[in-house]
Amino acid sequence: MGSKIAVVDLDGARTRIGSHHLDVDELPAFVREREAQSRPRWVFSDTPNWYPALLAAGVRIERCSDLRLTHAILMRSELVADRSAVAEADQWDADPVSAPAAPEAEALFEVTERRSHIKQVPHDIESALAEFARQSTALESASDPGRLRLLLAAESAGGLVAAEMQAAGVPWDVDEHDRILAEELGPRPMGDAKPAKMLAVADQVRAALDDPRANLDSHIKLLHSLHSAGINVASTSKWELAESDHPAIAPLLEYKKQSRLLAANGWHWLDEWVSEGRYRPVYVPGGVVTGRWAASGGGALQVPRQLRPALRADPGWRLISADVAQLEPRALAAMSGDRAMAEAGRGRDLYSGLVDEGIVATRQEAKIAVLGAMYGSTTGDSGRLVPRLRTSFPAAMGLVDSAAEVGAAGGLVSTWLGRTSPVPSQGWRRLQSASNQFDATPADENRARRAAGDQGRFTRNFVVQGTAAEWALAWLADLRLRLARLPGVDEGNPGATSAGEVTGHMATASGPVFSRRAHLVFFLHDEVIVHAPAQHAEAAAAAIRDAAASAGKLLFGDAPVDFPLDLTISERAAKG
DNA sequence: TATCCTCGCGCG
DNA sequence: AAAGCGCGCGAGGATA
């Protein structure tokens with residue numbers, strides 16, 4: 001509290017034209033005023049270090065550059081001719097640090113403890129100015145700075161969205177969640193006891209195995225019990241179990257399902273991650289090398305469909321859920337300029353398009369073929385179907401095949417906007433050179449070949465997954481601005497009723513910035529959920545659609561590829 | 001007792 | 001008929 005920070009104004013040529021010294025507590029008012037005057041592009045060392053406090057004070061910003069996020073892209077991008085200066089400034093190559101999910105007093109010690117061995121970027125003004133200058137120079141040396149600028153802006157906007165979604169939280173119906181748990185597991189037990197329905201199912205399994213002491217919670221012990229009962233499986237995974245037909249299998253699969261629900265999203269999860277009716281997972285923008293977001297806490301990447309009914313809009317509000325159908329193949333069609341593939345997906349389900357065009361017989365086959373093409377399958381049904389795509393979609397297949405070839409040889413690949421894959425590890429390179437030595441054994445050669453294949457499948461998928469992630473970021477970035485421009489709950493709609501009551505309820509859970517206006521609450525690779533006042537739900541839905549159309553134009557111009565959405569407006573997220 | 005690894009399963 | 005990409009998480013078991 002009360003520590004001094006410096007803020008510097010730069011003009012378009014990055015020349016210093018002013019500076020200010022503020023107490024940290026004065027920052028929100030300062031930012032609010034500047035934002036109202038000129039909506040500058042703020043430069044943050046690291047968004048989670050600055051933005052949560054602004055949001056808590058009721059201040060949103062329109063745009064920023066996040067130096068940590070942009071550094072990570074620029075230091076690797078093949079588009080940048082001279083990236084040595086950026087790459088050498090390795091204090092900026094730091095771990096993502098997320099804002100704590102909720103300021104809980106008892107967790108403070110733990111949080112500081114954990115953060116102390118995490119490498120953080122510097123937050124002082126001179127370091128930031130120096131890095132900003134290095135990045136600007138690098139960007140100017142790029143072969144296609146326009147694309148990279150787009151990527152950097154989208155990436156930074158993603159940082160803002162993550163902070164905003166964490167501040168807003170997903171409206172979560174704890175009672176509904178508890179009902180689902182009770183239905184599946186039985187009522188909440190005391191302490192760490194197992195719920196009643198689980199105990200009952202476990203007894204059925206033990207009876208069927210004729211093994212009253214069988215331990216179902218340890219893979220190893222369970223495997224022994226299964227073998228003793230004459231069930232010959234190599235693992236306890238459910239797909240393998242499902243192939244046996246023994247009376248113990250059905251209750252065992254049921255038990256595993258219950259056990260998973262309890263461990264991953266049971267009452268303990270509810271206590272830890274949902275408070276005041278808001279689920280606040282921790283997002284990590286740019287956390288995956290492909291550009292996808294990762295998560296670190298709360299399991300935002302794996303909320304089971306079973307629990308989707310627990311997402312519930314506040315009274316007088318709606319949830320608008322939207323996902324892009326077949327985002328990755330569409331991104332591939334667009335970036336490769338494959339007109340036939342674009343045509344297969346235009347105005348319809350892309351998989352059904354493949355059936356209509358006579359390329360495969362069923363939608364299921366189409367899905368297996370397309371996923372196989374993007375993931376690099378060579379065996380089974382998928383390996384059999386992929387070659388048909390090579391005939392029909394030569395441009396798309398050429399792009400992924402050549403990405404795989406480059407990767408297998410140790411090379412780098414880049415996404416549409418210029419995010420470049422990481423160099424293969426030293427261990428990988430050692431394997432390859434060992435297999436080229438005169439005394440290489442067949443085992444060496446095998447290992448090297450397998451590793452080369454793995455790397456090839458990684459780079460094959462990198463260009464597609466990464467470009468899809470860019471589309472999604474562009475979608476998000478545009479959407480957050482469109483939503484911010486929608487009127488508040490009691491503005492511009494004289495017909496609105498009980499608005500005061502609704503906002504009164506909201507103010508606690510969502511904080512001052514989000515309590516009155518449509519806002520993003522969830523994002524997962526190719527889907528968004530927006531929480532909006534009922535009277536603006538249609539406008540919010542239109543914003544989601546318009547943002548998707550803009551994203552396609554922004555990235556791919558007039559390429560004949562569309563990105564259709566499945567969109568639902570409801571009080572509850574759809575049942576899975 | 002703390003930390004790492006493997007397994008299995010949830011999500012896209 | 002569980003292949004073929006990217007993740008996070010919890011539990012049990014092994015290791016320090």
Side-chain angles (χ1 to χ4, degrees), chain A residues 98 113-114 117 192 194 215-224 233-244 252-253 255-266 268-269 272-273 281-308 323-329 331-332 364 367-386 400 403-404 407 413 415 421-422 450 453-469 471-472 522-528 576:
Chain A
S98 19
E113 181 73 14
R114 200 174 334 140
H117 2 255
D192 287 334
K194 289 222 172 76
N215 181 342
L216 310 186
D217 298 317
S218 157
H219 305 137
I220 296 174
K221 291 175 182 164
L222 175 59
L223 200 55
H224 281 118
V233 284
S235 76
T236 65
S237 61
K238 65 178 182 185
W239 66 263
E240 192 169 1
L241 290 173
E243 308 212 316
S244 296
L252 178 54
L253 291 175
Y255 182 84
K256 286 168 76 78
K257 199 177 165 206
Q258 291 173 316
S259 172
R260 164 77 195 184
L261 177 62
L262 177 66
N265 298 96
H268 180 254
W269 179 92
E272 188 173 1
W273 293 104
V282 179
Y283 295 99
V284 186
V288 181
V289 286
T290 59
R292 274 189 174 183
W293 288 14
S296 89
L301 270 55
Q302 48 196 135
V303 177
R305 305 209 71 89
Q306 195 180 14
L307 287 181
R308 291 296 173 98
D323 67 272
V324 194
Q326 304 101 32
L327 173 58
E328 291 192 352
L332 173 57
Q364 183 58 22
K367 193 169 171 178
I368 289 174
V370 169
L371 292 178
M374 295 186 306
Y375 295 164
S377 318
T378 53
T379 62
D381 285 349
S382 185
R384 183 170 56 78
L385 292 165
V386 169
V400 287
V413 297
T415 59
S421 62
R450 251 194 32 211
D454 290 348
Q455 184 68 13
R457 283 191 303 280
F458 167 66
T459 50
R460 169 192 291 272
N461 188 244
F462 182 94
V463 293
V464 180
Q465 187 182 114
T467 299
W471 183 93
F522 191 73
F523 167 61
L524 183 57
H525 310 319
D526 63 357
E527 65 176 300
V528 295

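Chain A is the first sequence line, chain B the second, and so forth, proteins listed ahead of strands; every chain is numbered from 1.
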In the structure I gave you, are the side-chain heavy atoms of A:Trp273 and A:Val282 within less than 4.5 Å of one another anywhere? yes
For a quick test of reading the model: is some side-chain N or O of A:Ser237 closer than 4.0 Å to OP1 or OP2 of B:dC7? no
For A:Thr378 and for A:Glu243, locate the closest nucleotide of DNA chain C by heavy-atom distance; then report the residue assigned to the nucleotide nearer the 5' terminus. A:Glu243
In whole angstroms, how far is the P atom of B:dC7 from the CH2 atom of A:Trp239? 13 Å
Hey, could you give me the OG1/CZ distance between A:Thr378 and A:Arg457, rounded to the nearest 0.5 Å? 7.0 Å
Starting at OH of A:Tyr255 and ending at C1' of B:dG8, how long is that distance when rounded to a whole Å? 14 Å
Check ion pair A:Glu240-A:Lys256 (N to O, under 4.0 angstrom): no
Pick base, sugar-phosphate or nothing for A:Glu328, based on heavy-atom distances below 4.0 Å to the nucleic acid. nothing
For nucleotides 6-16 of chain C, just jot down a letter per nucleotide in 5' to 3' order: B, S or -, based on protein non-hydrogen atoms under 4.0 Å. BSBSS-SS---
Specify the separation, in whole Å, of atom CD of A:Glu240 and atom C1' of B:dG8. 12 Å
Using modelled atom types only, decide if a donor and an acceptor are shared between the side chain of A:Trp269 and the backbone of A:Gly298 within a distance under 3.5 Å. yes
How would you label the contact of A:Lys257 with the nucleic acid (heavy atoms, under 4.0 Å): base, sugar-phosphate, or nothing? nothing
Length of the CH2-P vector between A:Trp471 and B:dG12, whole Å: 16 Å
Separation of A:Ser218 OG from A:Leu223 CG (nearest 0.5 Å): 9.5 Å
Grab the CD-P distance between A:Gln364 and C:dA2 for me, whole Å please. 15 Å
At under 4.0 Å between heavy atoms, what does A:Ser259 touch on the DNA or RNA strands: base, sugar-phosphate, or nothing? nothing
Under 4.0 angstrom, heavy atoms only, what part of the nucleic acid is A:Val303 near: base, sugar-phosphate, or nothing? sugar-phosphate
Atom CG of A:Leu223 to atom C1' of B:dG8: distance rounded to whole Å? 13 Å
Phosphate-side-chain proximity, A:Lys238 and B:dC9, N/O vs OP1/OP2 below 4.0 Å: no
Separation of atom CG in A:Leu222 from atom P in B:dG8, rounded to whole Å: 10 Å
Any non-hydrogen side-chain atom of A:Val288 less than 4.5 Å from a side-chain atom of A:Gln465? yes
If we only count heavy atoms from C-beta on, is the A:Val464 to A:Tyr375 side-chain gap below 4.5 Å? no
Rounded interatomic separation in angstrom, taking CZ from A:Arg308 and C1' from B:dG10: 11 Å
